[in-house]
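Structure, as structure tokens:
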Amino acid sequence: MNQLINTDLVVLDLSAPTKDAAVGALAERMAAAGRATDLDGLLADVAAREAQMPTGLEGGIGIPHCRTAHVTAPTLAFARAATPVDFGAPDGPADLIFLIAAPDGADGDHLSILSTLARRLMDPDFTEALRTATDPAAAADLIRGADASPPAEEAAAEAAEDAEPGPATTASLAAGEGDRAPGAAAGAGAASGAAPADTVKTPGTRHAGDAEATARTADAPTGGGKRPAEAAAAPAEGAAGGPEPFRIVAVTSCPTGIAHTYMAAESLERAAAEAGAEIVVETQGSAGFERLDPATIAAADGVILAHDVEVREQERFAGKPTVDVGVKAAINRPGELVAEVRGRASRGETTAGAPAAPMDAAGSSGDGYGTRLRKWLMTGVSYMVPFVAAGGLLIALAFALGGYEINEAPSVAEHFSWTEAESWAALLFQTGGLAFGFLIPVLAGYIAYGMADRPGLVPGFVGGAVAGTIEAGFLGGLAAGLLAGAVVMAVQRVRVPAVLRGIMPVVVIPLVSSAVVGVLMFVVVGKPIASAQRAMTDWLGGLTGANAVLLGALLGLMMCFDLGGPVNKVAYAFATGGIATADPGQGSLKVMAAVMAAGMVPPLAMALATTVRSKLFDRAERENGKAAWVLGASFITEGAIPFAAADPLRVIPSAMAGGAVTGALSMAFGSTLRAPHGGVFVVPLIGQPLLYLLAVAVGTAVSTVLVVVLKGTRGAARRTSGAQARPAEQEAGVPVAA
């Protein structure tokens, strides 16, 4: 069997001053074991993943991981560091380090390994055993789960082997290429040969005399508040007249959907077992999720939602006593959450209608109003952008094919000739116009969705449509979305009789909220916003000289400040809102050109810098620099994020300076653009294309010079001392930061 980990992939006395050195040492083990085909490529892929988000977990644990084309099979290497290494965890450096690499495209294996490991790391006995292991073979056996099952679990494990397997599953920690683990996994919630932790199956026994549930017990998840043997005994207990346990259903989810999602689930399962309660957890992870059985939800006495992102299909839990918190609360204080949901149930506290979306749960993750407002707006913008890109590119292509007079062509539904270029141009223009017509309703609808979940969609779309009708534009869409979300949230807080709760999300909330939003948009706030929108459009159209240059510089700074983050999106949304009409003014077209030009600068500058002064960048950054050429040329500002994450104080100011120069030059040259995306691929559609490219080139050069100079001022002494401190790592090919 091609095992996930063996003795050759374990280091118990690792001495590494940085995470790069630690990862390099483990990657070398993979290469020496014949698992990695290209050491440099593997290290580059791990570094790229680290640049996205730290992989350190609380409790002294680091889990660097990646999907890569440079390994032959899913592989895990483990190191115990003599001196803890910083992997970005909030509580400090890590002494237990797991490097996980899965073949490119093997998402199921990759996520299964991560999720199962995260669950097991919640077991203090497991982590303590790793910290005290005396030889690599023992550590490898422990990670593979080759230790014997506790007696209470053996019968259930045998029953699980005899039972018909549950729905689709991926490789477990102990699996190689589809093989089953030789033994039971350590820690609660991981029975021998069981499905991986990211798969939630039909719950086990919950009611006395439930024969069907009894038959399913062997195939149920072990983390149900009871171990398998205990769960199997539950029906007899109920049949004998004993009190039924308190039943809880829970959902856990985190932004990445990997580690914290499953750690929270494991923590809740342990706390429920200690409290004598039954719990079934739905983990909404990156590998997808399997929904809780509706019968299980109906029978539950309470609900725990532990999440930092939106809980999918949250309306399933309406009318239940609910505790709504951030995912880390479930990890750090699960016992309190179990006690809290019990208390709410005893007091008869229930939710009315669909529970609020996570961003509406004030204090659920410590977010202030400003943070929540930004999340709501970014939700709307993220759904709007594809409509803008599709509609804008279609309109731009129509103008390129048929000229600017194509906007006067008759409807293609009435007149279309397969052999006339003008007909095809008219078709593209009218299709793009229809796509643009959805822009404001989608923006408003998904802002409301971000605030109030699915009940916010109907009034949000209605309000957005009203904004388009009265020509309130982009600003009207923002207002309509916020109004719709606020109205739905207010309606959801009204207590209604139990008999009406079933029709609240389907009939009452859409009816009342749409009517209120329609009135507000048509006769109260819509007209003033429409006047403001027209004034802004007129102002843009009249921009000339220094004012236009200053606006271009400001937009360039915003585009490069957070490289695709909220500030970048504000500038982009401002530009796309200006061209989201059939006949935008010249000022709006200039703004769109300046925004796209500035957004191309950061990745192009980083690519150029890694080419002209490669010694200032480590191996991973040089690899990322190759991809940044294409990303920058395609107007994907996020291509510079790995560089900014590694060295923000030098990279971000350099990018902002170049972006400001490019934005100002683009406005000064009078370049125009109808397409909201595409980079160099839409240059034929740009007004003053050569001057536009010159603006991009000048800004790229400015950013490149600045980042090279700033990185060079670190001093030769620091680089020399770093090289002397780590000669072995450098000789072995471990990336060392410049």
Side-chain angles (χ1 to χ4, degrees), residues 1-16 21-36 39 42 46 57 59-65 71-85 94-102 109-110 112-151 153-154 157 171-194 196-197 728 732:
M1 182 180 69
N2 183 20
Q3 294 177 328
L4 184 72
I5 184 171
N6 56 38
T7 304
D8 295 335
L9 297 172
V10 175
V11 184
L12 295 183
D13 54 354
L14 179 68
S15 177
V23 169
L26 290 176
E28 286 180 3
R29 291 286 184 126
M30 291 185 177
R35 302 291 187 91
L39 179 61
L42 171 59
V46 175
L57 301 177
I61 297 161
I63 314 182
H65 58 275
V71 294
T72 58
T75 303
L76 186 152
F78 166 70
R80 189 173 65 201
T83 302
V85 180
D95 63 328
L96 301 180
I97 303 167
F98 303 84
L99 174 61
I100 300 170
D109 290 340
H110 182 214
S112 177
I113 295 166
L114 283 167
S115 62
T116 308
L117 180 62
R119 276 179 172 266
R120 298 190 64 195
L121 289 172
M122 291 303 298
D123 183 359
D125 294 337
F126 176 64
T127 54
E128 181 60 25
L130 287 177
R131 288 188 168 100
T132 57
T134 57
D135 65 272
D141 287 344
L142 186 64
I143 294 171
R144 285 198 303 265
D147 50 326
S149 299
E153 291 182 336
E154 289 178 353
S172 70
L173 258 178
E177 296 178 348
D179 293 321
R180 172 170 289 196
S192 172

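Sequence positions, counted from 1, serve as the residue numbers for this chain.
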Sequence neighbours excluded, the answer for side chain to side chain donor-acceptor pair (under 3.5 Å) partners of D95 is R131

A133 and L12 have their tightest heavy-atom pair at O-CD1, 3.9 Å

What I'd like to find out is whether the side chain of I63 reaches to under 4.5 Å of the side chain of L121, using heavy atoms alone. yes

Hits for side-chain contact (heavy atoms from CB on, under 4.5 Å) against A33, two or more places apart or cross-chain, chain-then-number order -> L9, R35

In terms of heavy-atom contacts, A94 and G62 come closest through CB-N, 3.4 Å

Would you indicate whether the side-chain heavy atoms of H65 and V46 approach each other to under 4.5 Å?
no

Shortest non-hydrogen pair, A140 vs I5, comes out as O-CG2, 4.1 Å

The side-chain contact (heavy atoms from CB on, under 4.5 Å) partners of A138 (sequence neighbours excluded) come to D135

Nearest heavy-atom approach of P74 to L4 is O-CD1, 3.3 Å

Partner of L76 under side-chain contact (heavy atoms from CB on, under 4.5 Å), picked from V10, N6, I100, is I100

With sequence neighbours left out, the residues meeting side-chain contact (heavy atoms from CB on, under 4.5 Å) with A129 are L142

Inset, instruction - Could you tell me whether the side chain of R29 reaches within less than 4.5 Å of the side chain of V11, counting heavy atoms only? - result: yes

Worksheet item: Is there a side-chain contact between F78 and I97 (heavy atoms, below 4.5 Å)?
Response: no

* Asked: F98 versus L130: any side-chain heavy-atom pair under 4.5 Å?
  -> yes

Nearest heavy-atom approach of V71 to A102 is CG2-C, 3.7 Å

* Answer yes or no: is there an ion pair linking D123 with R120, defined by an N-O contact shorter than 4.0 Å? => no

Those residues at least two apart in sequence (or on a different chain) that pass side-chain contact (heavy atoms from CB on, under 4.5 Å) with A27 are L39, L42, L43, L99

